[in-house]
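A, B, ... follow the sequence lines: proteins, then strands. Residue 1 opens every chain. This is a predicted model, so every value here is computed, not measured. Computed over heavy atoms, backbone and side chain alike; hydrogens, waters and symmetry mates excluded.
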Amino acid sequence: MVVNKMVDRVVIHNAALRWPVPGELLELLPGQRVSSVGRRSKYLLFNFERGTLIIHLGMTGHLRLTSHDAARRKHDHVEIIFSDGTALRYNDSRRFGAMLWAAADPLQHRRLTGLGPEPFSPGFNATYLHRISRGRKVAVKPFLMDPRVVVGVGNIYASEALFRAGIAPTRPVGQVGKAALGRLVKSVRDILEAAIAAGGTTLRNFSDSQGRPGYFRQELCVYGRTGEACLVCSAPIKQLRLGQRSTYFCPNCQR
DNA sequence: ACTGGCTCCTGAGGGC
DNA sequence: TGCCCTCAGGAGCCAG
């Protein structure tokens with residue numbers, strides 16, 4: 001828990017994340033206290049007295065709260081050292097993540113404006129999806145993964161949600177009816193809820209803040225199961241690329 | 001306004 | 001054992 005901790009100093013070992021880590025953090029953060037933490041989409045919001053530190057973990061990012069003198073690990077790019085002797089370390093081997101600063105309302109930061117609704121919010125519903133998808137020719141899977149449509153649905157969960165909703169991932173979204181979109185909304189929520197309960201999905205090296213892997217992988221119905229029997233109808237699971245992303249589906253259950 | 005393709009990056013895994 | 005190749009993915013960016 002970092003709330004109420006006072007920043008003593010910031011060390012940037014490697015500023016080359018998705019966008020350069022703002023150097024102004026070096027002067028801005030020391031002397032400020034973390035007042036609260038929040039989240040919007042996959043952006044973590046560390047609210048300080050005079051602004052908000054926005055952190056995205058990308059694919060491989062980790063935050064660890066350690067003693068400030070603990071040995072640095074490979075890919076520890078930024079350290080926020082607190083006055084109580086602890087340090088919050090941002091580690092990200094792939095550097096797909098980001099660290100940004102918002103002097104005012106973080107929701108008005110250019111990376112956060114334009115984000116779609118949270119998947120568990122009332123705004124994410126069949127009527128909404130139906131309205132914004134009419135006339136669109138894009139396939140339903142990349143549409144579902146577009147953060148302007150809804151946030152939080154990555155590649156694995158998109159395939160899984162479409163399987164459970166019985167919708168072929170290649171269907172032009174404009175041709176998916178409202179009832180099917182309603183099933184999709186429910187599937188997305190069910191998948192995310194189950195995945196969160198299982199601690200996420202570990203494919204290679206994902207782990208939570210305690211270093212534990214996620215156990216949702218064993219509940220995946222289609223993702224990574226190319227050629228294996230569909231759990232519902234036994235037809236072989238197919239794989240294709242859609243929007244440069246591996247896509248898995250049952251050609252029999254999903255239409 | 002849409003759409004599809006490309007890009008960033010490192011590590012894992014497979015083939016030889 | 002070691003090298004090389006391919007793949008993985010969140011999401012911004014850009015050309016058509």
Counting heavy atoms not belonging to A:R110, are there more than 12 under 6.0 Å from its CZ?
no
Just to confirm, is there a sub-4.0 Å distance from OP1 or OP2 of B:dT3 to any side-chain nitrogen or oxygen of A:R136?
yes
5'-most contact on DNA chain B (nearest-nucleotide basis), A:G243 vs A:V138, goes to A:V138
Please report, rounded to the nearest Å, how far the P atom of C:dG12 is from the NZ atom of A:K42.
11 Å
Should we count CZ of A:R171 as having more than 12 external heavy atoms under 6.0 Å?
yes
Euclidean distance, atom CG of residue A:L100 to atom P of C:dG12 [Å, nearest integer]:
11 Å
Over all strands shown, is A:R95 touching base, sugar-phosphate only, or nothing at heavy-atom distances under 4.0 angstrom?
sugar-phosphate
Under 6.0 Å from the CZ atom of A:R189, do we count more than 12 heavy atoms belonging to anything else shown?
yes
Give the rounded distance in Å between these two atoms: CZ of A:R245 and C1' of B:dC8.
11 Å
Value in whole Å for how far the P atom of B:dC8 lies from CZ of A:R111
17 Å
Scan A:Y43 against the nucleic acid and name what it touches under 4.0 Å (heavy atoms): base, sugar-phosphate only, or nothing.
sugar-phosphate
For B:dC9, does OP1 or OP2 lie under 4.0 Å from any side-chain N or O of A:H75?
no
Looking at B:dG5, I'd like to know if its phosphate oxygens (OP1 or OP2) sit under 4.0 Å from a side-chain N or O belonging to A:Q244.
yes
Presence of A:R148 side-chain N/O under 4.0 Å of B:dC2 phosphate oxygens OP1/OP2
no
When rounded to whole Å, the CZ to P distance for the pair A:F143 and B:dC2 reads 10 Å
Validation row: A:K42, A:L57 side chains within 4.5 angstrom (heavy atoms)
no
Provide, to the nearest angstrom, the distance between the NE2 atom belonging to A:H56 and the C1' atom belonging to C:dA11.
7 Å
Distance, rounded to the nearest Å, where A:K137 contributes NZ and B:dG4 contributes P
10 Å
Among B:dC8, B:dG11, C:dG12, which nucleotide sits nearest the side chain of A:K74?
B:dG11
Picking from B:dT10, B:dT3, C:dC13, which would you name as closest to the side chain of A:S93?
B:dT10
Give the minimum heavy-atom separation between A:S121 and A:P117, together with the two atoms involved.
OG-CB, 3.6 Å
Among C:dC13, B:dG11, C:dA11, find the nucleotide with the atom closest to the side chain of A:R110.
C:dC13
CG of A:D146 versus P of B:dC2: gap in Å, rounded?
11 Å
